[in-house]
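Worksheet: one structure, shown below.
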Amino acid sequence: MTKQPQELALLAESGRLLASVFGLLDRTSLADMSTLQIDEMVEQFIVHDLQARPASKGQYGYEFALNSSVNDVVCHGVPSQSNVLRDGDIVNFDITLEKNGYIADSSKTYLVGEVNLAAKRLVQTTYKAMWKGIRAVRPGARLGDIGWAIERHAKRNGYSVVREYCGHGIGREMHEEPQILHFGKPGTGLALREGMVFTIEPMLNRGGRSVRTEADGWTVVTRDGSLSAQFEHTVAVTASGVSVLTLRPDELGMLVR
């Protein structure tokens, strides 16, 4: 589960490139675009501008470069020409990128136009919950410390944490060990070691934590129809703490504990 320095350097390069994909999305006016249009734009940028590969495309038979999860969609939303983003929507884009054989994975929930306060608060809390988990990462810490930090922040703010999906180790393969739960007890679970690389990707619901999968076999929605948000970064355990491999330039101050 631990990576060598040369592997970490390659993972960091994949992470840097993936961060630039989100930079592209940050500069894009999403309102009135279909999620399929956005998928095509992202794939074009990854393949032609970055000379990399969208790692999700072809994984488990999936046909697209990203997942687009709108409003009550928890994860794995499938891009569609008919799914047009409107003012007031929230949408998570989950994107993976492979360069030189190594994969980075990240996601961000966007506010489309003028979003109501309840939706905005959910998104902000989810983002902070992810960072609570990231700040728990250091050699000798336990996996349960990450999950506990996330769950505590979510519950304090009145949100539920989805339990069916978790973070994961990552490297040459998209999904490696260990699994990173977004709930747990401090001081429990596997001890973290320098060189481990994994994702932290909490999904928080405004209502209950129960979810269901729609008939397409991919799209996961909240069972009660409530809003859901998610954020994700790929991180590496360092000698002194944690390095966020998919960190975006606007997040440089977020690692302060």
Side-chain angles (χ1 to χ4, degrees), residues 1-5 7-8 11-12 15 74-75 92 94 103-109 121-171 173-211 220 222 228-247 251-257:
M1 285 186 281
T2 58
K3 305 295 190 290
Q4 298 302 310
E7 294 180 290
L8 291 169
L11 281 161
V74 176
C75 60
N92 177 271
D94 190 344
I103 300 170
D105 190 358
S106 187
S107 83
K108 178 178 178 178
T109 298
R121 182 175 177 272
L122 170 66
V123 171
Q124 291 170 343
T125 302
T126 306
Y127 183 63
K128 289 179 182 177
M130 175 191 67
W131 278 102
K132 292 284 186 182
I134 291 172
R135 293 183 190 122
V137 175
R138 62 181 67 84
R142 300 277 179 169
L143 288 180
D145 299 337
I146 299 172
W148 178 75
I150 291 168
E151 185 179 32
R152 180 177 64 164
H153 187 72
K155 286 186 172 180
R156 280 179 172 177
N157 285 276
Y159 301 115
S160 59
V161 178
V162 173
R163 296 194 171 203
E164 285 81 356
Y165 302 93
C166 61
H168 50 87
I170 191 167
E173 300 294 331
M174 176 95 71
H175 297 114
E176 300 179 352
E177 291 297 329
Q179 291 189 339
I180 312 298
L181 302 182
H182 302 120
F183 59 94
K185 295 181 179 179
T188 64
L190 185 71
L192 303 183
R193 303 190 301 273
E194 181 181 357
M196 293 174 71
V197 179
F198 48 81
T199 70
I200 296 175
E201 48 181 296
M203 304 162 206
L204 270 56
N205 296 344
R206 190 160 178 246
R209 68 176 179 85
S210 296
V211 301
V220 178
T222 57
S228 186
Q230 181 187 19
F231 284 88
E232 174 184 13
H233 272 311
T234 298
V235 306
V237 184
T238 67
S240 59
V242 61
S243 175
V244 182
L245 303 183
T246 47
L247 191 74
E251 298 181 297
L252 292 176
M254 292 302 296
L255 271 174
V256 178
R257 294 186 184 273

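Below, all heavy atoms of this structure are taken into account, side chains as well, without hydrogens, waters or symmetry copies.
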**Request:** Evaluate the side-chain contact (heavy atoms from CB on, under 4.5 Å) criterion for residues Ile200 and Trp131: first the C-alpha distance (whole Å), next the side-chain angles of each, then the deciding distance (0.1 Å), finally the verdict.
**Result:** CA-CA 9 Å; Ile200 296 175; Trp131 278 102; over 6 Å; no

**Request:** Test side-chain contact (heavy atoms from CB on, under 4.5 Å) on Glu201 and His182 and set out the steps.
**Result:** CA-CA 8 Å; Glu201 48 181 296; His182 302 120; 3.8 Å; yes

**Request:** Using the side chain to side chain donor-acceptor pair (under 3.5 Å) rule, take Tyr127 and Glu251 through it: C-alpha gap first, then chi angles, then the decisive distance, then the call.
**Result:** CA-CA 11 Å; Tyr127 183 63; Glu251 298 181 297; 2.6 Å; yes

**Message:** What verdict does the side-chain contact (heavy atoms from CB on, under 4.5 Å) test give for Gln179 and His168, after you've listed the backbone C-alpha separation in whole Å, the side-chain angles of each residue and the deciding distance to 0.1 Å?
**Reply:** CA-CA 5 Å; Gln179 291 189 339; His168 50 87; 5.8 Å; no

**Test log, rule side-chain contact (heavy atoms from CB on, under 4.5 Å), inputs Arg193 and Met1** = CA-CA 9 Å; Arg193 303 190 301 273; Met1 285 186 281; 4.2 Å; yes

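Without hydrogens or angle criteria, Thr246 side chain to Thr234 main chain gives a donor-acceptor distance under 3.5 Å. Judged by distance alone, the side chain of Thr126 and the main-chain N or O of Leu204 form no donor-acceptor pair under 3.5 Å. No donor-acceptor distance shorter than 3.5 angstrom exists from the side chain of His233 to the backbone of Ser106, with no hydrogens or angles considered. In this structure a side-chain-to-backbone donor-acceptor pair under 3.5 Å is missing from Ser107 to Asp94. Using modelled atom types, no side-chain atom of Glu151 and backbone atom of Trp148 make a donor-acceptor pair closer than 3.5 Å. Of the possible polar contacts, none joining the Asp145 side chain to the Ala136 backbone as a donor-acceptor pair under 3.5 Å is found. Under a 3.5 Å cut-off, the side chain of Arg209 and the backbone N or O of Val161 do not form any donor-acceptor pair. For Asn157 (side chain) and Ala154 (main-chain N/O), no donor-acceptor pair under 3.5 Å exists by modelled atom type.
Side-chain atoms of Thr109 and Asn92 include a donor-acceptor pair closer than 3.5 Å. Using modelled atom types, one finds no donor on one side chain facing an acceptor on the other under 3.5 Å when comparing Asn205 with Thr222.
Of the inter-residue distances, the one linking Gln124 atom CD with Phe231 atom CZ reads 9.0 Å to the nearest 0.5 angstrom. Summarising the geometry, atom CE belonging to Met196 is positioned 12.0 Å from atom CG belonging to Leu8; distances are rounded to the nearest 0.5 Å. Taking OG1 of Thr199 as the reference point, atom CD of Glu232 lies at 4.5 Å (rounded to 0.5 Å). The CE atom of Met130 sits 13.0 Å away from the OG1 atom of Thr125 when rounded to the nearest 0.5 Å. With rounding to the nearest 0.5 angstrom, the CD1 atom of Ile170 is 7.5 Å from the CG atom of Leu11.
Contact record, Ala236 with Val197: CB-CG2, 3.9 Å, taken as the closest heavy-atom pair. Taking each heavy atom of Gly208 and Ser160 in turn, the nearest pair found is C-OG, 3.2 Å. Among all heavy-atom pairs drawn from Gly187 and Arg142, the shortest one is C-CG, 3.8 Å.
In this structure, Pro202 and Gln230 have side chains that are not in contact, with every pair of non-hydrogen atoms separated by 4.5 Å or more. Side-chain contact check for Pro139 versus Leu192: every heavy-atom pair is 4.5 Å or farther apart.
Ile146 pairs with exactly one of Val235, Leu181, Ile180 by the side-chain contact (heavy atoms from CB on, under 4.5 Å) rule, that one being Ile180.
For the ring-ring contact (aromatic ring centres under 6.0 Å, His included) test, no residue two or more places apart in sequence or in another chain qualifies with His153. Legend: residues meeting side chain to side chain donor-acceptor pair (under 3.5 Å) with Tyr165, ordered by chain and number and at least two apart, are absent.
Within 6.0 Å of CD on Glu173 lie no more than 12 heavy atoms contributed by other residues, nucleotides or ligands.
Contact check on Lys3 versus Glu194 returns no salt bridge, with no Lys/Arg side-chain nitrogen under 4.0 Å from an Asp/Glu carboxylate oxygen.
Remark: Arg163 qualifies as a cation-pi partner of Phe183 under the 6.0 Å distance and 45° angle criteria applied to the six-membered ring.
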